[in-house]
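Whatever order the structure lists them in is the order used to number ligands and atoms, beginning at 1.
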Amino acid sequence: MRLALLSDIHGNLEALGAVVCEGRARGVDAWVCLGDIVGYGANPKACLHAVQELSDEVVLGNHDAAAIGQTDLAYFNPYARRAAEWTAEQLGESERRYLASLPFVLQRDDAFFVHAEPHQPSRWGYVHNRAEAKKALDAIEQRFCFVGHSHCPFVCIERDGGVELLPKGPQPIQPRSRYLANIGSVGQPRDGDAQACFALWDQAAETLELVRCPYDITTTQYKIITAGLPPALAERLALGH
Ligand code: ZN
């Protein structure tokens, strides 16, 4: 089984298309989405429909919740708030119903999937670093924890009472070890690399990998600007932050 994990698509259809192509080329059998399908980008509906086609294994993100009035916009920055209001106007009743049906977490065998922090998924806290990764692993029983939300990807392994960051590239999974992967963002990476990001968990080969793939950023930027969304949301895509 090859499982692809994707998160934080944020209405970026070109990035989502590139990730799906790359996943299919690599023989992905199943997909899990860790939320924030919408918000920021100009194609929220198309991205929602694409995710619905791709997978039944989807959790709710804070921007998804914001688009249906289920989270407070007070802590959103002005660009995010404007985008959330614009996104809410684009969605119809069926899209709102779909988002409202999404759970905060999914637990499948030895894996735990969540948008934000596992111990308080509805508080939308981040897993940015090793200390937060350790806290996340301590909060669950599963061997593998997959999170999104920060848009800054990393993979770490639990070792000697702490966690260690793993280098880039496919990582062999050690027997009985526990892992946390922050799978980054498909549609708005913030780690200085503008390419779309997703994670590939090859359960037969026993590897875990963060995959980057280029996409047509110029088209995405053009759509954001012509939709009347804040131009800063287009500019940041080329910079990867
Ligand atoms: Zn996000």
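The Zn ion (ligand 1) is closest to atom OD2 of Asp36 (considering only N, O or S atoms). Of all N/O/S atoms in Asp8, OD1 sits nearest the Zn ion (ligand 1).
Put simply, the residue from Trp201, Phe113, Phe112 that forms a side-chain contact (heavy atoms from CB on, under 4.5 Å) with Phe144 is Trp201.
Taking the charged nitrogens against the carboxylate oxygens, Lys134 and Glu158 do have a contact shorter than 4.0 Å, which makes a salt bridge.
For a distance bound of 2.8 Å, the N, O or S atoms of His10 include one lying that close to the Zn ion (ligand 1). For His63, every N, O or S atom stays at 2.8 Å or more from the Zn ion (ligand 1).
Heavy atoms only, all atoms of each residue included: Phe76 and Ala66 are closest at CZ-CB, 3.8 Å.
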How far apart are the C-alpha atoms of Glu14 and Thr219, what are their side-chain angles, what is the distance that settles it, and do they pass the side chain to side chain donor-acceptor pair (under 3.5 Å) test?
CA-CA 8 Å; Glu14 291 70 35; Thr219 295; 5.7 Å; no
